[in-house]
J.: 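Here it is, the structure, as structure tokens.
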Amino acid sequence: MFNLASLSQPVMASNLALLQLPSFRTKFHANGIKPTTSSSVYAPKLNGTSRCSAITCCSSLDGREPDSEDNGIKNVERLLEEKKRAELSAQIASGAFTVEQSSPMSLLRNGLSKLGVPREFLNFISQLGDAGGEHPKIPQARGELEAARSQAFFLPLYELYLTYGGIFRLIFGPKSFLIVSDPSIAKHILRDNSKAYSKGILAEILDFVMGKGLIPADGEIWRVRRRAIVPALHQKYVAAMISLFGQATDRLCNKLDAAASDGEDVEMESLFSRLTLDIIGKAVFNYDFDSLSNDTGIVDAVYTVLREAEDRSVAPIPFWEIPIWKDISPRQKKVRAALKLVNDTLDDLISICKRMVEQEELQFCEEYMNEQDPSILHFLLASGDDVSSKQLRDDLMTMLIAGHETSAAVLTWTFYLLSKEPSVMSKLQNEVDSVLGDRFPTIDDMKKLKYTSRVINESLRLYPQPPVLIRRSLEDDVLGKYPIKRGEDIFISIWNLHRCPNRWVDAEKFDPERWPLDGPNPTETNQNFSYLPFGGGPRKCVGDMFASFENMVAVAMLVRQFNFQMALGAPPVEMTTGATIHTTEGLKMTVTRRTKPPIIPTLETTVLEVDGSSAVEKKSPTMMSSLSVSEVE
Ligand code: HEM
């Protein structure tokens with residue numbers, strides 16, 4: 001998803017880019033609220049304070065606790081992290097950000113209070129203010145954000161949320177944003193009054209790459225395209241994708257196997273990115289990028305376009321808009337060439353697919369699927385959808401990006417979390433061994449791999465992709481008790497919702513078991529909008545089931561075959577934001593083949609049972625062949 005990419009746009013890039021800056025050095029009056037310091041055991045370190053060493057091999061421990069050295073390192077990490085967060089909280093408490101509740105009545109009240117006017121009279125003044133129809137004011141945080149670019153912007157938003165609550169206004173120079181971290185307000189914006197909100201700056205920044213694709217589109221275009229695309233991801237299609245997920249993951253397994261043989265460490269984040277690119281290319285328009293094996297021009301072009309979209313989101317000025325410069329800049333030339341190559345490739349694929357559809361005899365029906373080419377593109381063309389090639393291209397590009405970056409990020413952070421929690425890894429491997437054995441996963445396994453899906457649910461809670469959703473109000477509205485005007489830019493912080501200390505027990509702990517195995521799959525509906533891994537309301541992700549199964553297949557096949565641990569001397573795992581949460585320097589891991597306990601075949605031995613006069617032959621399973629044989633003997 002490219003929600004975060006919209007943090008800049010031509011007119012406001014310079015202000016918005018400040019959001020990316022790591023430490024808020026400004027004025028903030030804490031308004032009587034105590035600063036909160038919370039430790040983030042599972043959030044990677046801030047500002048390079050983390051260590052640079054190996055983390056004990058997750059599964060080689062077989063579920064045992066890590067040794068004391070590892071615990072020691074964890075403690076140091078935790079202390080450093082707590083220190084950082086305490087510093088930020090102290091800045092907030094010291095008034096480093098400004099909260100101004102400056103209605104005339106409140107100013108009068110504050111002034112009189114300084115003059116020592118009795119409290120009864122002050123209360124009377126306040127009541128007058130309320131009776132005069134003054135609306136409650138949204139708490140405001142104002143600041144020049146000044147800091148280095150190394151911290152993901154949603155981290156300070158979390159600290160501010162702990163201080164100011166579920167909705168507050170963040171002001172930078174002329175620009176302001178509403179930061180929403182309250183489930184009921186999120187529900188109102190995303191579901192109950194969704195028509196009153198658009199994608200705002202998101203659509204503006206993504207225009208060059210997604211045009212009017214489903215993610216940035218609003219209004220009638222969105223309605224028409226959503227109605228056309230959702231049916232393409234029907235159950236039969238998703239079930240057919242399971243074998244595609246398996247084959248692609250198998251290619252990754254082969255690559256890891258070679259690395260394990262050579263004793264080479266691997267950078268998992270980029271491998272996950274390639275895995276999900278290969279999958280989404282086939283799934284959406286039947287194109288085999290084969291990026292795990294090759295670095296062809298088209299793969300390079302796709303990454304050039306993706307990185308450009310992300311870079312624009314953090315640019316201090318909208319450099320891509322500067323006259324003359326935009327035409328002569330080598331980088332912009334490269335982006336234009338890459339975009340042209342991707343667009344031309346998509347146009348070719350659309351033409352090829354059109355010809356296939358014209359020649360086929362298959363009748364279009366509800367769960368239509370061409371076995372040779374089950375792609376979404378094929379479905380859309382076969383449906384007779386009357387759509388321009390440009391719109392189709394925008395939709396394909398949108399799904400390519402939406403389905404690629406998100407899943408890659410989910411896998412990256414899942415493996416990061418697993419490397420920190422050997423007991424979870426061990427339990428996961430046990431489940432996978434018993435459900436899958438050595439075969440490829442099937443659609444039926446998706447129901448059985450319950451713990452695997454809980455691991456992913458929990459990974460998505462701690463590292464939501466994207467961490468923030470973006471909206472703009474199209475009309476005046478009321479959020480909670482606060483009236484807001486048309487044209488407000490709003491960030492719904494999923495990161496904050498998912499880590500709210502009042503909502504979640506041990507909010508920062510990676511604990512898949514918080515989701516009961518026999519309970520329903522957690523969704524925004526059954527968690528009442530405090531858990532939003534795929535958004536909610538009419539604009540909820542169309543690929544949620546696809547993505548969930550894709551992640552389950554990849555996780556299951558990888559942990560079945562390998563153990564993963566952070567590589568010795570690996571760079572610290574820190575977060576940065578692009579479209580999703582990236583690591584700053586990759587996820588460097590040592591991968592070793594698992595030495596599974598020997599599989600002991602179940603032999604059937606013949607036991608003679610005497611039943612009255614006749615001897616009855618019965619088959620009885622035994623645990624171990626050798627034992628059985630000796631017992632029988
Ligand atoms: C783990 C992987 C994924 C995650 C975490 C994820 C998350 C999300 C979220 C949170 C939204 C809502 C955005 C908003 O409200 O602003 C969304 C929308 C969307 N997602 Fe996903 N997504 C994933 C995978 C996919 C895949 C595989 C596809 C396509 C095959 C896809 C296609 C889309 C589209 C087209 C939308 C826009 C829907 C609309 O606006 O009507 N996503 N996704």
Side-chain angles (χ1 to χ4, degrees), residues 1-6 180 186-187 189-191 194 197-203 206 210 212-219 221-230 232-234 237-238 241 244-245 272 276-277 279-285 375-377 379-380 394-414 453 456-457 459-472 490-495 497-498 523-524 529 531-555 579-581:
M1 239 42 29
F2 257 65
N3 296 3
L4 298 179
S6 59
V180 168
K187 194 200 299 181
I189 297 170
L190 296 176
R191 196 188 70 184
S194 62
Y197 294 88
S198 72
K199 291 285 180 107
I201 48 178
L202 180 76
L206 290 182
M210 290 188 193
K212 297 274 177 283
L214 201 54
I215 286 183
D218 281 311
I221 296 186
W222 169 76
R223 248 183 301 284
V224 170
R225 295 317 298 150
R226 174 117 190 166
R227 228 176 281 138
I229 289 171
V230 166
L233 288 113
H234 53 72
Y237 166 79
V238 174
M241 290 298 108
L244 166 66
F245 304 153
F272 285 139
T276 58
L277 179 64
I279 288 176
I280 205 75
K282 278 298 271 180
V284 174
F285 37 74
S375 69
I376 293 177
L377 171 62
F379 179 98
L380 291 175
D394 287 349
D395 288 333
L396 299 181
M397 196 68 177
T398 299
M399 277 184 281
L400 172 73
I401 294 174
H404 163 229
E405 292 275 286
T406 44
S407 288
V410 173
L411 291 171
T412 300
W413 292 106
T414 302
S453 75
I456 292 161
N457 297 144
S459 164
L460 269 165
R461 186 184 68 81
L462 284 169
Y463 294 95
Q465 314 292 349
V468 169
L469 302 182
I470 291 174
R471 295 292 189 271
R472 181 178 290 158
I490 300 170
F491 292 175
I492 300 171
S493 172
I494 310 188
W495 178 275
L497 285 164
H498 285 192
T523 63
E524 79 288 359
F529 278 68
Y531 179 67
L532 290 173
F534 293 104
R539 303 215 61 159
K540 186 177 172 178
C541 179
V542 300
D544 57 346
M545 210 206 305
F546 177 110
S548 301
F549 291 169
E550 176 188 22
N551 290 324
M552 283 169 71
V553 169
V555 167
T580 52
I581 310 174

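Each ligand, and each atom within it, is numbered from 1 in the order the structure gives.
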J.: Say whether Arg471, considering both its backbone and side-chain N or O atoms, lies within less than 3.5 Å of an N or O atom on ligand 1.
T.: yes
J.: Do any N/O atoms on Glu550 end up under 3.5 angstrom from N/O atoms on ligand 1?
T.: no
J.: If you take the nearest heavy atom of each of Thr406, Leu469, Thr398, which one is closest to atom 24 (C) of ligand 1?
T.: Thr406
J.: When you measure from atom 43 (N) of ligand 1 to each heavy atom in Ala409, Cys541, Gly543, which option holds the nearest one?
T.: Cys541
J.: Answer side chain, backbone, both or neither: which part of Phe534 comes under 4.0 Å from ligand 1, heavy atoms only.
T.: both
J.: Between ligand 1 and Ser407, is the shortest N or O to N or O distance under 3.5 Å?
T.: no
J.: Do Leu532 and Leu190 have side chains that get closer than 4.5 Å, going by heavy atoms?
T.: yes
J.: Are any of the N/O atoms on Lys540, whether in the backbone or the side chain, positioned under 3.5 angstrom from an N/O atom of ligand 1?
T.: no
J.: Looking at Arg539 and Leu214, would you say the former's side chain and the latter's main chain have a donor-acceptor pair under 3.5 Å?
T.: yes
J.: Show the atoms of ligand 1 that are less than 4.0 angstrom away from any heavy atom in Phe546.
T.: 27 (C)
J.: Would you mind running through ligand 1 and noting each atom that sits below 4.0 Å from a heavy atom of Trp222?
T.: 39 (C), 40 (O), 41 (O)
J.: With a 4.0 Å heavy-atom cut-off (strictly under), which part of Pro464 contacts ligand 1: side chain, backbone, both or neither?
T.: neither
J.: Excluding sequence neighbours, so at least two apart, what forms side-chain hydrogen bond (donor to acceptor under 3.5 Å, both in side chains) with Thr412?
T.: none
J.: Contact between ligand 1 and Val284 is defined here as a heavy atom of the residue under 4.0 Å from a ligand atom; is it met?
T.: no
J.: Tell me the contacting part of Arg226 for ligand 1: side chain, backbone, both, or neither, using a 4.0 Å heavy-atom threshold, strictly below.
T.: side chain
J.: Considering the heavy atoms of Pro533, write down every atom of ligand 1 situated less than 4.0 Å from one of them.
T.: 5 (C), 7 (C), 10 (C)
J.: Does Gln465 offer a backbone N or O that forms a donor-acceptor pair with the side chain of Trp413 under 3.5 Å?
T.: no
J.: Kindly indicate whether the side chain of Phe534, heavy atoms from C-beta on, has any atom under 4.5 Å from the side chain of Glu524.
T.: no
J.: Can you tell me if Lys199 has a non-hydrogen atom under 4.0 Å from ligand 1?
T.: yes
J.: If you define the side chain from C-beta out and look only at heavy atoms, does anything of Met399 sit under 4.5 Å from Ile280?
T.: no
J.: Which of the listed options, Gln465, Met210, Arg223, holds the heavy atom that is closest to atom 7 (C) of ligand 1?
T.: Gln465
J.: Taking the minimum heavy-atom distance to atom 30 (C) of ligand 1, which of Ile280, Val542, Leu400 ranks first?
T.: Ile280
J.: Between Arg471 and Asp218, is there a salt bridge with N-O shorter than 4.0 Å?
T.: no
J.: Taking the side chain as C-beta and beyond, is there a heavy-atom pair between Thr414 and Tyr463 under 4.5 Å?
T.: no
J.: Checking the side chain of Arg461 only, and the main-chain atoms of His498 only, is there a donor and an acceptor separated by less than 3.5 Å?
T.: yes
J.: Once you restrict to heavy atoms under 4.0 Å, what part of Asn551 touches ligand 1? Side chain, backbone, both or neither.
T.: side chain
J.: With Phe546, which residues qualify under ring pair (Phe, Tyr, Trp, His ring centres under 6.0 Å), at least two apart?
T.: Phe245
J.: Around Lys212, counting heavy atoms of other residues, nucleotides and ligands shown, do more than 12 lie under 6.0 Å from its NZ?
T.: no
J.: Considering Val468, Val410, Ile494, Thr580, which one's heavy-atom position lies nearest to atom 1 (C) of ligand 1?
T.: Val410
